[in-house]
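Since the structure comes first, as structure tokens, the remarks are kept for the end.
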Amino acid sequence: MAYQKIDKLDKQILRMIAEDARVPFLEVARACNVSGAAIHQRIQKLTNMGILKGSQFVIDPEKIGYETCAYIGLNLRNPENFDLVVKKLEEIPEVVECQYTTGDFDLFIKIYAVNNHHLLNIIHDKLQPLGLARSETIIAFNSVINRQLPIDNIPVEEDED
């Protein structure tokens, strides 16, 4: 995917909405010293460029009963079945992330389960039938860092005066 250039105003907008996606556009406009319409246009532009991928509420899995978080490296018996396996993984609601990787695994997934027994059932009943040569499970005790990339480090396109 191509690198997208942004300017100082884009960066200022990104900084504010990354901090709080629910911040009113009018408040962003005041802070940026531009009109509300300009903020709407910039947000639309950043969305169209693929820089912004929507906004959502973040649910704490543990608060709704999902006490086990696991990362599982998957090796496929038949790597040519990648697309089919990914399609099947999308059908497993407990799988919240899936990455193509280099190294020891073909795919690396993140799963939330109610408990270890539930995790075992997911692995046995839902993952193994996908045609795995092997898998390796790592249970996460606690997420100590969970953040977006820092907006301040994003390079900006310089104004041409």
Side-chain angles (χ1 to χ4, degrees), residues 1-7 10-25 28 42-157:
M1 176 168 247
Y3 164 73
Q4 302 287 336
K5 293 183 180 181
I6 63 170
D7 62 20
D10 293 331
K11 187 172 178 176
Q12 191 173 2
I13 293 166
L14 288 172
R15 186 180 302 114
M16 289 188 72
I17 65 174
E19 232 174 75
D20 178 8
R22 295 177 58 178
V23 63
F25 285 178
V28 176
R42 289 296 183 116
I43 295 288
Q44 189 60 51
K45 177 189 90 167
L46 292 166
T47 302
N48 292 342
M49 293 169 71
I51 293 171
L52 288 177
K53 295 187 175 202
S55 61
Q56 61 188 357
F57 288 101
V58 177
I59 298 168
D60 183 336
E62 197 170 327
K63 300 277 194 246
I64 60 169
Y66 286 78
E67 296 181 3
T68 301
C69 175
Y71 295 87
I72 304 176
L74 306 175
N75 284 100
L76 306 181
R77 196 174 307 122
N78 299 311
E80 64 272 10
N81 291 339
F82 263 40
D83 293 339
L84 178 64
V85 170
V86 170
K87 197 176 274 287
K88 293 290 185 185
L89 288 170
E90 287 174 343
E91 295 172 10
I92 303 171
E94 296 89 352
V95 175
V96 296
E97 284 185 43
C98 178
Q99 310 288 332
Y100 289 116
T101 62
T102 61
D104 289 339
F105 304 111
D106 297 321
L107 297 165
F108 204 71
I109 62 174
K110 181 178 181 181
I111 286 185
Y112 283 105
V114 173
N115 53 35
N116 289 349
H117 183 72
H118 182 212
L119 176 61
L120 177 63
N121 287 340
I122 294 167
I123 293 168
H124 184 267
D125 299 340
K126 297 180 180 180
L127 297 180
Q128 289 301 329
L130 298 178
L132 303 182
R134 72 179 191 89
S135 66
E136 185 174 326
T137 303
I138 301 166
I139 293 178
F141 291 126
N142 190 17
S143 177
V144 292
I145 298 174
N146 186 359
R147 61 180 174 210
Q148 293 192 52
L149 285 171
I151 304 302
D152 292 335
N153 296 343
I154 298 172
V156 296
E157 195 172 78

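If you're wondering where the values come from, they're calculated on a predicted model, not measured in any experiment.
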Stepwise side-chain contact (heavy atoms from CB on, under 4.5 Å) test for Leu14 and Leu52: CA-CA 9 Å; Leu14 288 172; Leu52 288 177; 3.6 Å; yes
The criterion is side-chain hydrogen bond (donor to acceptor under 3.5 Å, both in side chains); which residues satisfy it with Asn146, sequence neighbours excluded? none
Should the heavy atoms of other residues, nucleotides or ligands under 6.0 Å from CD of Glu80 be counted, would the total exceed 12? yes
State which residues pass side-chain hydrogen bond (donor to acceptor under 3.5 Å, both in side chains) with Asn115; sequence neighbours excluded, sorted by chain then number. none
Output side-chain donor-acceptor pairs under 3.5 Å for residues 118-127, partner residues at least two apart or in another chain, one line each.
residue, atom, partner, partner atom, Å
His118, ND1, Val114, N, 2.8
His118, NE2, Glu94, OE2, 3.2
Lys126, NZ, Glu94, OE1, 3.4

May I have the list of side-chain donor-acceptor pairs in residues 95-109 shorter than 3.5 Å, sequence neighbours left out?
residue, atom, partner, partner atom, Å
Thr101, OG1, Phe105, O, 2.7
Asp106, OD2, Leu76, N, 2.7

Results of side-chain hydrogen bond (donor to acceptor under 3.5 Å, both in side chains) for Arg77 - residues two or more places apart only: none
Return the CD1 to CG distance between Ile43 and Asn48, rounded to the nearest 0.5 Å. 11.5 Å
Given the rule in the side-chain contact (heavy atoms from CB on, under 4.5 Å) test, do Leu89 and Leu74 qualify, once you have shown the distances and angles that lead to the verdict? CA-CA 11 Å; Leu89 288 170; Leu74 306 175; 4.3 Å; yes
Is the number of heavy atoms from other residues, nucleotides or ligands under 6.0 Å of Ile64 CD1 greater than 12? yes
Run Lys88 and Glu91 through side-chain contact (heavy atoms from CB on, under 4.5 Å) and show every step you take. CA-CA 5 Å; Lys88 293 290 185 185; Glu91 295 172 10; 3.9 Å; yes
Once rounded to the nearest 0.5 Å, what's the spacing between atom SG of Cys69 and atom CD of Glu62? 10.0 Å
Shortest non-hydrogen contact from Arg42 to Ile13? CB-CD1, 3.5 Å
Applying ring pair (Phe, Tyr, Trp, His ring centres under 6.0 Å), name anything that partners Tyr112, two or more places apart in sequence or on another chain. none
Looking only at heavy atoms, which two atoms of Asp10 and Asp7 are closest? And how far apart? N-OD1, 2.8 Å
Is there a donor-acceptor pair closer than 3.5 Å between any side-chain N or O of Asn142 and the backbone N or O of Val144? no
For the pair Phe57 and Arg22, evaluate side-chain contact (heavy atoms from CB on, under 4.5 Å) and give the outcome as yes or no after the intermediate values. CA-CA 9 Å; Phe57 288 101; Arg22 295 177 58 178; 3.4 Å; yes
